[in-house]
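Each remark here refers to the structure printed beneath this line.
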Amino acid sequence: MTGCPTPEAEAGAVLSIDLGAVADNYRILKERLDRAECAAVVKADGYGLGAAQVAQVLFDAGCRQFFVAHVGEGVRLRQTLDNADIHILNGLLPDAEATYRTHRLIPVLNSLAEIDAWRDNADTRTLPCDLHADTGMLRLGLQPKDVQTLAEQPERLSGLDIRVVLSHLASADDADSPQNSAQLEAFERTRTALPMGRASFANSSGIFLGSDYHFDLARPGVALYGVNPTPDHPNPMRPTIQLKARIAQIRDAQADETVGYGASHTVGGPTRIATLAVGYADGYLRSLSGRGYGYIGDHKIPLVGRVSMDLITFDVTAVPQELCHPGAWVELIGPHRSVDDVATEAGTIGYEILTSLGARYHRVYKNG
Ligand SMILES: *Cc1c(COP(=O)(O)O)cnc(C)c1O
């Protein structure tokens, strides 16, 4: 959750979140899927957009399967969603079994030890769960030898109501990667050994690898929030956020003066510098130092000097003065600047830009 909301009058920047665009993105992905059902991954506070808000609008768009990473995220999401399945990707924590049962959370079981622990909880009931098979991430999930063990000893799964058998793609954003088809074959072998429940394989980018990858249930996250799941092609998704910040101060600088920490930028001649109350503490990544851009109207302005904790500085010399004064707005993410653009300049991915969006922004939800 995003903590104490910041009122607009006190905020250095305003983050607008278009929930209608999130719902549209859900529909765009659903259309791609024909027969498979479309879940939604809303971990990390709905990729920074607000899990409660996005989950409600996705539920209204027809989504009934939700995935989060942590059990605590599931407990909070249950307050928003009474009538949907909530799956916990990080699995079963020892001694937390009662929390899953109380809040009707479905653990994604990642190891034989987790399977044994959940089965020991089943006693007279059958308990819902998913099984995660690792097909090439070397991260979470049952290893091939564990899958083999389960196929040979089916009694280890007795008392468990297995809803979904899933695996996760490592390179789906690169359609040419041979890892995709290798993982697909490994997942098909997994399904032969573990044919129960529904099969789930594709994340956002996996949906665009074609229907072989769709199985019964897709698990998109980032595409719902407008990041391009097909980086080599135009973005099929709608943008969902805009971020604008107010100019706090403007000053005139002369040749050879320097801007900010470490004096990393030296002014070439008469220059106007605008300062905005946004910094790396707001998730405006420090790696954007000397590389980021903003827009004032249609005027592109370069970020100069380092990104500080609470402030950034732009060279606004080329912007007409009537557009550029204390209180004027600068677009940091919006029609001219996509999340993917900012990510490229920061040397990262859209996921990190979204999940870093700060708690000090004033948040406005539209079309909910
Ligand atoms: C985060 C995650 C997803 C969603 O991935 P996107 O690339 O954001 O679509 C799906 N499945 C698992 C196991 C995940 O961890």
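It should be emphasised that the depicted structure is a prediction, and the values quoted were computed from it without experimental measurement. First listed ligand is number 1; within each ligand, the first listed atom is number 1.
- Evaluated by nearest non-hydrogen atom to atom 12 (C) of ligand 1, the leading choice among H132, H168, H87 is H168.
- Residue K43 approaches ligand 1 through these ligand atoms, each under 4.0 Å from one of its heavy atoms: 1 (C), 2 (C), 3 (C), 14 (C), 15 (O).
- The protein heavy-atom contact nearest to atom 9 (O) of ligand 1 is S204 OG, 2.5 Å.
- Taking a cutoff of 4.0 Å between a charged side-chain nitrogen and a carboxylate oxygen, R337 and E345 qualify as a salt bridge.
- Among Y351, F201, Y225, the residue whose heavy atom sits closest to atom 7 (O) of ligand 1 is Y351.
- Ring geometry for F215 against F201 counts as perpendicular: the plane angle is over 60°, on a 0 to 90° scale with 30° as the lower cut.
- In summary, the atoms of ligand 1 found under 4.0 Å from a heavy atom of L89, numbered by their order in the structure, are 12 (C), 13 (C), 14 (C), 15 (O).
- When the shell of 6.0 Å around CZ of R101 is examined, it contains more than 12 heavy atoms from other residues, nucleotides or ligands.
- The proximity of V222 to ligand 1, defined as any non-hydrogen pair under 4.0 Å, involves the side chain as well as the backbone.
- Atom CD of E257 sits in a crowded spot, with more than 12 heavy atoms from other residues, nucleotides or ligands closer than 6.0 Å.
- Within a 6.0 Å radius of CG in D256, other residues, nucleotides and ligands contribute 12 heavy atoms or fewer.
- Under the 4.0 Å criterion applied to side-chain N and carboxylate O atoms, D18 and R238 are assigned as salt-bridge partners.
- Ligand 1 places these atoms under 4.0 Å from at least one heavy atom of P220: 9 (O).
- Judged by the 6.0 Å and 45° rule, K300 forms a cation-pi pair with Y293.
- Close approach of ligand 1 to Y47 (heavy-atom distance below 4.0 Å) involves ligand atoms 1 (C), 4 (C), 5 (O), 6 (P), 8 (O).
- When the options I207, N203, L166 are ranked by their closest heavy atom to atom 5 (O) of ligand 1, first place goes to N203.
- A salt bridge does not link R64 to D85: none of the charged nitrogens lies less than 4.0 Å from a carboxylate oxygen.
- The proximity of R219 to ligand 1, defined as any non-hydrogen pair under 4.0 Å, involves the side chain as well as the backbone.
- Residue contacts with ligand 1 leave out F67, since none of its heavy atoms falls under 4.0 Å from the ligand.
- Of the N or O atoms in G221, one or more lie within a sub-3.5 Å distance of an N or O in ligand 1.
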